[in-house]
Every structure is written in structure tokens, then in C-alpha cells.
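Have a look at the structure below before the remarks.
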Amino acid sequence: MIHEQESIVIKTVARLLVPFIQLFALYVIMHGHSSPGGGFQGGVILAASFILLSIAYGLDEVKRRFSIKALTVLTSAGVFLYAGTGVLCLLLGENFLDYGVLPVVEPRGMGMLAIEIGVGITVMAAMVSIFHDLLDFE
Amino acid sequence: MKFLYLALTLATGGLLIFGALDMPAWGDPNSPANSHVSPRYIEQSFHETEVPNMVTAVLADYRSFDTLGETTVVFTAAICCLLLLRRFRKESGS
């Protein structure tokens with residue numbers, strides 16, 4: 001179990017850094033199909049921001065803001081979004097995960113973006129949830 | 001019994017090494033992977049997927065079944081940790 005840090009330096013730096021880390025994580029996920037990056041990398045960066053918060057402010061504070069139930073739901077929601085994109089392509093009359101038929105501009109890029117977002121959500125929620133489960137175990 | 005396991009492990013390892021010896025040299029320009037698959041990705045992936053990042057095009061479009069499996073592995077790891085480690089009930093008095 002991690003408790004709140006005494007040091008004001010650690011707490012202030014963590015508080016200042018977390019928004020930038022999360023913004024960068026979202027950039028890595030959203031830009032994954034046109035520059036280096038993607039769901040796995042962005043999800044892990046996003047999870048790192050929550051883990052940094054847990055180390056600086058204690059597990060209970062993070063749990064109060066981002067409940068562990070929501071994390072569990074998000075873990076499966078990401079896989080659901082991924083597989084759902086595939087099934088949507090199937091319903092529109094193409095093969096599973098063949099994004100060409102999606103009714104948007106640049107359907108292949110948007111399909112990839114959708115599954116990258118799914119991967120990012122799952123990886124983020126899984127990392128944070130594993131971190132919490134391991135540290136809560138006494 | 002220990003020696004049987006050791007012999008089995010060594011035999012399996014030997015078989016795997018023997019099989020790996022026949023693989024094409026790493027980076028060999030004439031290996032099947034470099035002469036059939038890679039040129040197709042390099043030349044066609046932008047026209048076929050409209051995405052400038054070739055790595056993502058391979059990961060998320062050509063091989064998206066594989067990526068779905070990888071995501072499911074991460075999901076399964078999280079669920080296993082949840083089932084093994086999380087306490088679902090508040091213990092009374094502790």
C-alpha cells in the first residue's frame with residue numbers, strides 16, 4: 001500500500017507534470033496512424049500518469065477520483081470497441097475488420113483510429129488496475 | 001524422474017535449435033519475408049490503406065486480427081490479476 005508522500009517537491013512536480021503526460025498520451029494515441037505511436041504506447045503513457053499520481057498522492061486519493069470499478073469497465077470497453085469496429089464492418093457487408101466500408105471520410109484511417117483508441121483504453125485501464133490490485137494485496 | 005525431465009527438456013531444446021538452424025540469415029535480402037511481403041507493404045500500403053505510417057498500417061489493418069489478440073491478452077492479464085488479488089468483500093472487524 002502506497003501512502004501520500006511527505007515531500008512537497010514530489011507532490012508539486014507530479015501535479016504539474018500529470019496534465020502534460022496525459023496530453024502527450026492522447027497525442028500519441030490520436031496520431032498513431034500518421035506518425036510513430038499507437039494504442040499500446042499511448043495507453044502505457046496514460047497509465048504512467050495515473051501511476052505517478054498514485055505514488056505521489058497515495059492509492060486512496062487516486063481511487064477516490066477514478067474508481068476501480070470504472071477501471072474494470074474500461075478494461076473491457078476497449079476490447080469491446082475494437083471488436084465492435086470489426087463487427088460493424090461485418091454488418092456493413094464486408095469482412096471482419098475490413099474498414100473500407102465505414103461511412104466516413106478516409107474510412108481506413110478512421111477505422112484504425114477507432115481500434116487504436118480501443119487498444120489505448122484497454123492498455124491504460126489494465127495497467128492501472130494491475131498496479132492497484134498488486135499494491136492493495138496485503 | 002529428474003533426469004527424465006532434464007532429458008526431455010534438452011531434447012526439445014535441441015530440436016528447436018536444429019529447426020532454427022534452417023532459417024534464413026537475419027537480414028538476408030533473398031529470404032521469403034524480404035522478397036515477397038516487405039516490398040508489397042512498402043509499395044502498396046499507402047494506396048491500399050491511405051495511411052502514411054506503414055507500421056500502423058501493418059499492425060492495425062493487414063494484421064488487425066493479431067492486434068485484437070494482443071489486446072485480448074492484456075485484457076486477460078488484467079482480469080486474472082483482478083480475480084487472484086482483489087478483495088471483493090469487506091472483512092468484518094479488520
Side-chain angles (χ1 to χ4, degrees), chain A residues 31-41 43-44 47 68-69 71-72 74-83 85-86 89 95-100 105-116 118-138, chain B residues 20 23 26-29 31-94:
Chain A
H31 230 247
H33 58 291
S34 41
S35 67
F40 284 97
Q41 298 90 327
V44 168
I68 199 112
K69 263 185 194 150
L71 276 178
T72 314
L74 280 181
T75 314
S76 23
V79 182
F80 182 77
L81 181 59
Y82 196 135
T85 311
C89 298
N95 290 326
F96 188 67
L97 287 170
D98 193 348
Y99 317 116
V105 283
E106 282 193 27
R108 294 211 158 258
M110 290 303 119
M112 280 184 219
L113 183 61
I115 67 159
E116 296 283 6
V119 170
I121 293 174
T122 296
V123 170
M124 183 275 291
M127 294 290 152
V128 180
S129 132
I130 289 174
F131 182 76
H132 280 198
D133 283 341
L134 287 175
L135 286 175
D136 252 359
F137 188 70
E138 283 154 26
Chain B
M23 284 176 66
W26 202 78
D28 179 11
S31 68
N34 284 342
S35 57
H36 294 288
V37 187
S38 302
R40 164 73 186 265
Y41 287 152
I42 292 168
E43 286 159 13
Q44 298 295 324
S45 77
F46 185 72
H47 301 292
E48 286 179 349
T49 64
E50 304 152 7
V51 161
N53 186 350
M54 205 194 309
V55 176
T56 308
V58 172
L59 272 180
D61 200 323
Y62 292 105
R63 301 189 180 172
S64 47
F65 268 75
D66 179 63
T67 311
L68 177 60
E70 283 171 32
T71 315
T72 316
V73 166
V74 174
F75 170 68
T76 315
I79 294 297
C80 289
C81 273
L82 185 156
L83 290 175
L84 288 173
L85 299 175
R86 194 173 294 177
R87 278 174 301 168
F88 291 97
R89 253 178 243 109
K90 287 239 162 66
E91 290 136 34
S92 55
S94 67

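Residue numbers start from 1 in every chain, and the chains themselves are labelled A, B, ... in the order their sequence lines are given, proteins ahead of strands.
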* Asked: Backbone N or O of A:G118 within a donor-acceptor pair of the A:Y82 side chain at under 3.5 Å?
  -> no
* Contact part of A:S35 toward chain B, heavy-atom cut-off under 4.5 Å: side chain, backbone, both or neither? -> backbone
* Asked: What part of A:S76 gets closer than 4.5 Å to chain B, counting heavy atoms only: side chain, backbone, both or neither?
  -> both
* To do: Examine whether an atom of A:F40 lies under 4.5 Å from a heavy atom of chain B, and if so say whether it belongs to the side chain, the backbone or both; otherwise answer neither.
  => side chain
* Structure fact -> Greatest number of non-hydrogen atom pairs under 4.5 angstrom with chain A, of B:C80, B:A77, B:S64, falls to B:S64
* With only heavy atoms counted, which part of A:I115 is less than 4.5 Å from chain B, the side chain, the backbone, both or neither? -> side chain
* Asked: Any donor-acceptor pair under 3.5 Å linking the side chain of A:T122 with the backbone of A:V79?
  -> yes
* Distance-only side-chain donor-acceptor flag, B:T56 / B:N53, under 3.5 Å -> yes
* Could you tell me whether the side chain of B:S31 and the main chain of B:D28 form a donor-acceptor pair under 3.5 Å? => yes
* Residue part contacting chain A, namely of B:V55, when any heavy atom lies under 4.5 Å -> neither
* May I ask you to decide whether B:E70 forms a salt bridge with B:R63, counting only side-chain N to carboxylate O separations under 4.0 Å? => no
* Structure fact -> Answer key: most heavy-atom pairs under 4.5 Å with chain A among B:T72, B:I79, B:L82, B:L59 is B:L82
* Considering only heavy atoms and a distance below 4.5 Å, find which of A:S129, A:G32, A:G37, A:G111 pairs most often with chain B. => A:G32
* **Donor-acceptor under 3.5 Å (B:S45 side chain, B:Y41 main chain)** => yes
* **Heavy-atom closest contact (A:M112 atom, A:Y99 atom, distance)** => CG-CE1, 4.0 Å
* Non-hydrogen atoms of chain B under 4.5 Å away: do they reach the side chain of A:L71, the backbone, both or neither? -> neither
